[in-house]
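Everything numeric here is computed off the predicted structure, so don't read it as measured data.
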Amino acid sequence: MHIPESQHRRPPRRIKGWAAAVTATATLGLVAITAVAYAGTSGTAQVAAQAAAASSPVPPAGFTLTWSDEFNGAAGTGVNTGTWKYDTGPGSSFGTGEIETMTNSTANVFQDGSGHLVLRALHSGTDPRAGWTSGRIETQAATFGADAGDVVRMESSIQQPNVTTANGAGYWPAFWMLGSTLRTGTTWPTSGEVDILEDINGRSSVFGTLHCGTNPGGPCNESTGLGSGERACAGCQTGYHTYAVEIDRSKSPEEIRWYLDGANYFTLPATRVDATTWNNAVHHPFFIIYDLAMGGGFPDAFGGGPNASTISGGQMNIDWVAVYNKKGGTTTPPPGTNIAQGKPTTASSAENAGTAASNATDGNTGTRWSSAFSDPQWLQVDLGQSYNLTSVNLNWEAAYAKAFQIQTSNDGTNWTNIYSTTTGTGGNQTLNVTGSGRYVRMYGTQRATAYGYSLYEFGLTGTPGGGTGGGTLLSQGHPTTASSAENAGTAAGNATDGNTGTRWSSGFSDPQWLQVDLGATHSISKVNLNWEAAYAKAFQIQTSNDGTNWTNIYSTTTGAGGNQTLDVTGSGRYVRMYGTQRATAYGYSLWEFQVYGS
């Protein structure tokens, strides 16, 4: 679809690709668009077919529910801004030729009180090409994806706008997702975009597309992308249907599969593009977007719109959305998989903004990390869970390390050497190692040149395990809220993003709390609190099944801060740190809040 409003500062603006879709239309034998008399005014609302809201979606066989939203808010309320954020502003800013203005008004985006989210397009005035408002939202979390060897499925139950080719010209509903790296500086389409549902002009059809590589042209034929073309979707305007995509990293080659009502209608293997393009587009998490656009290049390719016959009030109704994950054919990454690629990476320093730490784990040998010109320096990757390591690859630039250690840690604070040398030779080194840990770093103690330390890539291989204890990490990337935030840069979600370079910080008062929604009830066995200097002296760890009624599973009045690991016993969908006494004059501040269990 198109870049979120929050990315407006990132040039160039991408244009929705639709040329290939035009050529695919002939295979459907769909009727041409026919104009009819103008059928609506600014006050005319479409009467959409309503279905009873479905209960919580059941995970497909082999999958577990990672996150979901069933839109059970009160009638006439907007979305939960702890989970979603509005993309507002003129559609012309999205680079797709849209003509609507996206708002956060409950006239355009609202919950209906019956378990549905509604995006509604409204028109005012007499010019069919002006005066449109509508809605667009995206998840706060950008953490939905598949680790190496695993599979992720994003799915939603949606009723497309109840319009036809006679009165729906210009309508462009979409359910899609963008790569998380777009939010951290990678440009579109390198960052990857997966369009799960798109339709235009009330055609009762669906398009599925991957955008990747470079624009224009490139290996993914941008700005068209690699897609299914138009596929028939009978009854999709008048009833709810499920639209899903699976990213499967458990097989070779990897692939993306698109589904309509559970039927796989298009599969795209990784071999369609080069490895770097695929890795950059797929080997990272995503964030999810819904929007109901009006006009633009895609509708124009199928006859144009809106026009004088286009009705006001058409709405996209969403029953639920869910993200599921499962282990692949094996429970371990395929042999040789680089488990560091795309994982949160930090460093002691960077020479400049163009040589950031993450360049060493982006899978692109055309980028690099480079440190300041002093000793010691380090580069560290957070694997998200403990691994038994088998090898380390260091692809050095000319500025390499003469003396360095490879170190592992389970907490990011206490380190163990698993390799050490004082006679490093640079080049592309592969070291066979034995060790385990969640965090792995290169710790350089002597440079070989007058410059810093510089790595094109820092790669790791290994298998999950290593005895961290306490079960699986459940909290990372899940919706996280708090009683307050010190400022916009210390939001609640920073404590569950897997990045120890970001943090949540509360207001400077007692009590305060930080809460994570695990998406389903889990048995909780361990909680890790990585405190910043502003820690809690007195706090409780609490669980809840409904987010309202809480049970203490840990309590202290003598908290010492630092990196605390608490062995606990309890269960719940929601887990929170409830602070009752600060240790400093500031608030409560956590680099990471991690919940483990089964």
Thr345 side, atom OG1; Leu455 side, atom CG - distance, nearest 0.5 Å: 11.0 Å

Using the six-membered ring of Phe94, assess whether NZ or CZ of Arg136 lies under 6.0 Å from its centre and within 45 degrees of the ring axis. yes

At what distance, to the nearest 0.5 angstrom, does CZ of Phe593 lie from CG of Asn530? 12.5 Å

Under 6.0 Å between ring centres: does that hold for Phe298 and Phe207? yes

Looking only at heavy atoms, the pair that brings Asn494 and Glu592 closest together is O-OE2, 3.2 Å

Roughly how far, to the nearest 0.5 Å, is the CG atom of Asp517 from the CG atom of Asp69? 9.0 Å

Do Tyr419 and Phe404 make the cut of ring centroids closer than 6.0 angstrom? yes

Heavy-atom closest pair (Asn359 atom, Trp369 atom, distance to 0.1 Å) is CB-N, 3.9 Å

Test Asp248 against Arg257 for salt bridge (charged side-chain N to carboxylate O under 4.0 Å, His left out), laying out the working first. CA-CA 8 Å; Asp248 189 343; Arg257 298 183 292 267; 2.9 Å; yes

Determine the minimum heavy-atom distance between Gln237 and Ser204, stating which atoms define it. OE1-OG, 2.6 Å

Mind running side chain to side chain donor-acceptor pair (under 3.5 Å) on Ser391 and Asn432 for me, showing each step along the way? CA-CA 4 Å; Ser391 74; Asn432 295 320; 5.4 Å; no

Does the distance from a Lys or Arg side-chain N to an Asp or Glu carboxylate O, for Asp382 and Arg438, drop under 4.0 Å? yes

Looking at every heavy atom in both Leu226 and Arg272, which two are closest together, and how far apart are they? CD2-NH2, 3.5 Å

Give a yes or no on whether a salt bridge exists between Glu138 and Arg183, defined as a side-chain N under 4.0 angstrom from a carboxylate O. yes

Return the CD to OG distance between Glu98 and Ser93, rounded to the nearest 0.5 Å. 10.0 Å

Looking at the rings of Tyr456 and Trp396, which for Trp means the six-membered one, are their centres under 6.0 Å apart? no

Exercise: identify the closest heavy-atom pair between Pro219 and Thr277: CG-OG1, 3.5 Å

Please walk me through it: do Trp176 and Glu198 pass side chain to side chain donor-acceptor pair (under 3.5 Å)? CA-CA 8 Å; Trp176 49 298; Glu198 291 186 280; over 6 Å; no

Do Phe175 and Tyr243 have ring centres separated by under 6.0 Å? no

Please find the pair of heavy atoms, one from Ser156 and one from Ile318, that lie closest to each other, and give the distance. OG-CG2, 3.6 Å

Salt-bridge criterion met for Asp150 and Lys326 (N-O under 4.0 Å): no

Can you name the one residue among Thr66, Leu518, Val516 that meets side chain to side chain contact (heavy atoms under 4.5 Å, CB included) with Leu474? Leu518

To the nearest 0.5 angstrom, please state how far the CG atom of Leu210 sits from the OG atom of Ser228. 11.5 Å

Ring centre gap for His211 and Trp188 strictly below 6.0 Å: yes

Can you list the steps and then say if Asn428 with Asn393 is a side chain to side chain donor-acceptor pair (under 3.5 Å)? CA-CA 7 Å; Asn428 196 333; Asn393 177 258; 2.8 Å; yes

Report the residue from Val321, Asp319, Asn80 that forms a side chain to side chain contact (heavy atoms under 4.5 Å, CB included) with Phe71. Val321

Rounded to the nearest 0.5 angstrom, the CG-CD1 distance for Leu178 and Ile288 is 11.0 Å

Report yes if some heavy atom in the side chain of Ile247 is under 4.5 Å from a heavy atom in the side chain of Val151; otherwise report no. no

